[in-house]
Protein chains: 2
Amino acid sequence: MLRLSKRVEYGLMALQYLAKSGNVATAREISDAGHIPYELLAKVMQSLKHEGIIDSYQGVRGGYAMLVAPAQINLARVMKALDEDATVTECISPGSVHEQCTLYANCTIKEPMQKLQTRMEESFGKMTIAELL
Amino acid sequence: MLRLSKRVEYGLMALQYLAKSGNVATAREISDAGHIPYELLAKVMQSLKHEGIIDSYQGVRGGYAMLVAPAQINLARVMKALDEDATVTECISPGSVHEQCTLYANCTIKEPMQKLQTRMEESFGKMTIAELL
DNA sequence: CAAAGTAGGACTGATTTGATCGTATTTTAT
DNA sequence: ATAAAATACGATCAAATCAGTCCTACTTTG
Ligand code: FES
Ligand code: FES
């Protein structure tokens with residue numbers, strides 16, 4: 001079907017780690033524990049912070065910690081934070097720039113794809129970080 | 001979330017076309033109608049044929065036609081025929097070669113991803129070609 | 001003020017995907 | 001018979017995406 005990006009995969013592992021430990025952990029610590037490339041994980045953590053899922057503390061003794069209860073964070077939100085192509089097709093994204101898609105004028109599957117998008121969001125919306133523990 | 005490949009997009013448009021017309025149509029005809037690159041569409045049609053979704057007739061007056069009722073073909077099957085990466089992560093695919101994934105030994109999200117895979121297949125399994133008409 | 005950490009831009013290489021080309025094979029119509 | 005219209009399929013090229021790395025800041029604690 002559709003393969004998750006490494007960013008999402010690493011993000012989920014990191015969130016699982018944070019949720020399990022319950023307090024602050026550094027990117028290096030998570031990277032070592034999961035054998036995840038450090039530099040890439042660091043970026044992922046920053047994205048998760050911008051989305052408001054985790055909090056960060058700079059400087060010595062700094063690191064990252066959960067900002068929201070694991071049960072309150074669903075996969076749709078994580079993927080939105082970590083992945084760019086958030087829609088099944090370019091047809092979607094209501095109010096966005098449809099002109100980008102060269103097929104738009106001839107696309108015959110706009111409505112069904114919108115329906116599919118909704119269903120997928122439901123699927124991803126139902127699973128939370130709490131289910132990773 | 002996750003973007004469908006052009007192959008799947010073209011395949012769905014083609015199946016919609018065939019289902020709507022109800023009889024044989026050539027790849028060129030579908031390509032023209034949908035402004036789809038002919039060579040690529042031709043490959044997509046061949047894949048759909050191998051999957052047993054459509055039938056093909058060679059030679060002059062040849063073309064493609066539905067082999068199964070549109071309501072009997074769900075998107076999961078179409079995607080399986082047209083897309084390679086059929087799983088959410090490499091963890092999945094029961095009985096398959098896990099060794100490929102370098103992370104397997106350290107992967108902490110195998111079970112949840114398996115669950116996610118199942119749910120997604122349900123989502124895609126519920127929508128049929130009949131819903132594209 | 002030094003060490004440990006996050007913040008983030010820029011770059012490279014690998015991989016995947018879309019698109020194209022070329023040639024063979026099958027079948028109908030003339 | 002044979003030419004034309006179509007599928008079949010392998011090989012190749014180009015574009016886009018993604019993973020990974022590097023480098024330089026900024027921030028905070030001890
Ligand atoms: S995919 Fe671009 S408009 Fe449908
Ligand atoms: S993603 Fe490879 S084992 Fe989980």
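Letters A, B, ... mirror the listed sequences (proteins, then strands); counts begin at 1. All values derive from a computational prediction rather than experimental measurement.
Between A/L75 and A/T128, every side-chain heavy-atom pair lies at or beyond the 4.5 Å cut-off. Two residues are said to be in side-chain contact when any heavy atoms from C-beta on lie closer than 4.5 Å; B/L15 and B/M66 meet this criterion.
Across the protein-nucleic acid pair, A/Y64 atom OH and D/dT28 atom C1' stand 14 Å apart, rounded to whole Å. For the pair A/R28 CZ and D/dT21 P, the interatomic distance rounds to 11 Å; values are reported in whole Å. When rounded to the nearest whole Å, the span between CG of A/L40 and C1' of C/dG9 equals 15 Å. Nucleotide C/dA24 holds its P atom 15 Å from the CD atom of B/Q58, rounded to whole Å. Rounded to whole Å, the distance from CD on A/Q46 to C1' on D/dT27 is 13 Å. Between B/K49 atom NZ and C/dT25 atom C1' the separation is 12 Å, expressed in whole Å. Computed from coordinates, the A/I54 CD1 to C/dA7 P distance equals 8 Å when rounded to whole Å. Distance, A/L48 CG to C/dG8 C1': 15 Å, rounded to whole Å.
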Worked check of side-chain contact (heavy atoms from CB on, under 4.5 Å) between B/K43 and B/R7 = CA-CA 9 Å; B/K43 298 246 162 82; B/R7 281 173 59 86; 4.3 Å; yes
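Within the 4.0 Å cut-off from OP1 or OP2 of C/dA7, not a single side-chain nitrogen or oxygen of A/H50 is found. Residue A/T26 places no side-chain N or O under 4.0 Å from the OP1 or OP2 atom of C/dT6. Dashed line: the shortest gap from a side-chain N or O of B/Y57 to OP1 or OP2 of C/dT28 is not under 4.0 Å. The side chain of B/Y38 places an N or O atom within less than 4.0 Å of a non-bridging phosphate oxygen (OP1 or OP2) of D/dT7. Look at A/K6 and you won't find any side-chain N or O under 4.0 angstrom from OP1 or OP2 of D/dG20.
Among the protein residues, A/A27 comes within range of the sugar-phosphate backbone only, with heavy atoms under 4.0 Å from sugar or phosphate atoms but none that close to a base.
Nearest nucleotide to the side chain of B/E39, out of C/dG22, D/dT21, C/dA7: C/dG22. The side chain of A/V60 lies closest to C/dA3 when the candidates are D/dA19, C/dA3, D/dT21. The B/Y10 side chain lies nearest to C/dA19 when the options are D/dC9, C/dA19, C/dA7.
Taking 4.0 Å as the cut-off between side-chain N and carboxylate O, B/E131 and A/R119 count as a salt-bridged pair.
The closest side-chain donor-acceptor pair between A/T87 and B/R3 falls under 3.5 angstrom.
Toward the 5′ end of DNA chain D lies the nearest nucleotide of A/K43, the other residue of the pair A/G59 and A/K43 mapping further downstream. For the pair A/P37 and A/R61, both in contact range of DNA chain D, the more 5′-proximal nearest nucleotide belongs to A/P37.
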